[in-house]
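Worksheet: the structure to be examined is printed underneath.
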Amino acid sequence: GASCDFLAVRPLTLFAEDGHLTALVYGDYGGYDDLPLFREAKRQLEEYFAGQRHTFSLPMAPDGTEFQCRVWQVPCRTSPMELPSPTGSWRIAWGLPLAFQAVGQANGRNPLPILIPCHRVIASNGTLGGYSGGVERKRYLLRQEGVSVPEPKPRKPRRKREVGAH
């Protein structure tokens with residue numbers, strides 16, 4: 001593996017097999033290899049976090065089902081400014097106009113977050129929705145890409161209900 005350190009998402013650890021990136025995970029998993037592939041991935045990630053890159057040209061081999069791989073291709077072909085609308089334009093691009101849950105689950109299993117930018121997929125109701133790395137990371141990545149993302153609304157405190165009191 002190889003590790004990179006970036007604000008708010010750090011550290012990142014890359015894994016590869018047979019000359020292709022297979023995973024990017026949040027966290028430091030040690031055992032760093034100084035392979036040309038990892039050096040190039042680090043360079044491209046640094047460009048991404050400097051605002052100089054929105055897509056990656058790296059050999060990737062994410063492990064997933066045929067359906068998952070199909071879902072992961074759509075965010076890779078779009079820019080951050082082409083975020084899906086609540087009307088479901090991406091679900092139509094996937095050929096899955098009603099597959100909210102299946103698409104969400106596939107994105108949650110993306111083994112190469114950031115590189116396969118599933119953080120660009122928003123919920124059908126226009127909210128950020130979930131993200132395998134956490135919603136705060138998703139918000140950070142979208143802002144990094146120049147997307148206007150509102151702050152989360154504070155949750156209203158729940159009223160406590162006494163149990164057993166009559």
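Everything quoted here is computed from the prediction, not taken from an experiment.
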Do [X] side-chain atoms and [Y] backbone N/O form a donor-acceptor pair below 3.5 Å?
X: Asn110; Y: Ile116; result: yes
X: Glu47; Y: Gln52; result: no
X: Thr22; Y: Ala61; result: no
X: Thr13; Y: Tyr29; result: yes
X: Lys42; Y: Leu37; result: no
X: Lys138; Y: Gly130; result: yes

Practice prompt. Could you list the residues that satisfy ring pair (Phe, Tyr, Trp, His ring centres under 6.0 Å) with Tyr131, not counting sequence neighbours?
Written response: none

Worksheet item: Glu40: what forms a side-chain hydrogen bond (donor to acceptor under 3.5 Å, both in side chains) with it, not counting sequence neighbours?
Response: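 Result, side-chain hydrogen bond (donor to acceptor under 3.5 Å, both in side chains) vs Glu40: Arg43, Gln44.
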
Discussion item. Tell me whether the rings of His119 and Tyr48 are parallel (<30°), tilted (30 to 60°) or perpendicular (>60°).
Written reply: perpendicular

How far apart are the closest heavy atoms of [X] and [Y], and which atoms are they?
X: Phe49; Y: Gln144; result: O-NE2, 2.8 Å
X: Gly108; Y: Ser132; result: O-CB, 3.6 Å
X: Leu112; Y: Pro62; result: CD1-CB, 4.0 Å
X: Asp63; Y: Trp72; result: O-CH2, 3.7 Å

Practice prompt. Flag the pair Arg53 and Glu46 as a salt bridge only when some basic side-chain nitrogen lies within less than 4.0 angstrom of an acidic carboxylate oxygen.
Written response: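 Judged by the 4.0 Å cut-off on N to carboxylate O distance, Arg53 and Glu46 do not form a salt bridge.
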
Hey, what do you get for [atom1] ([X]) to [atom2] ([Y]), rounding to the nearest 0.5 Å?
X: Gln68; Y: Cys118; atom1: CD; atom2: SG; answer: 10.0 Å
X: Arg39; Y: Leu14; atom1: CZ; atom2: CG; answer: 13.0 Å
X: Asp28; Y: Leu12; atom1: CG; atom2: CG; answer: 10.0 Å

May I ask you to test the [X]-[Y] pair for a side-chain heavy-atom distance under 4.5 Å?
X: Leu21; Y: Phe56; result: no
X: Tyr140; Y: Val135; result: no
X: Val25; Y: Phe15; result: yes

Worksheet item: For Val71 and Val121, what are the C-alpha separation, side-chain angles and deciding distance, and is it a side chain to side chain contact (heavy atoms under 4.5 Å, CB included)?
Response: CA-CA 11 Å; Val71 167; Val121 178; over 6 Å; no

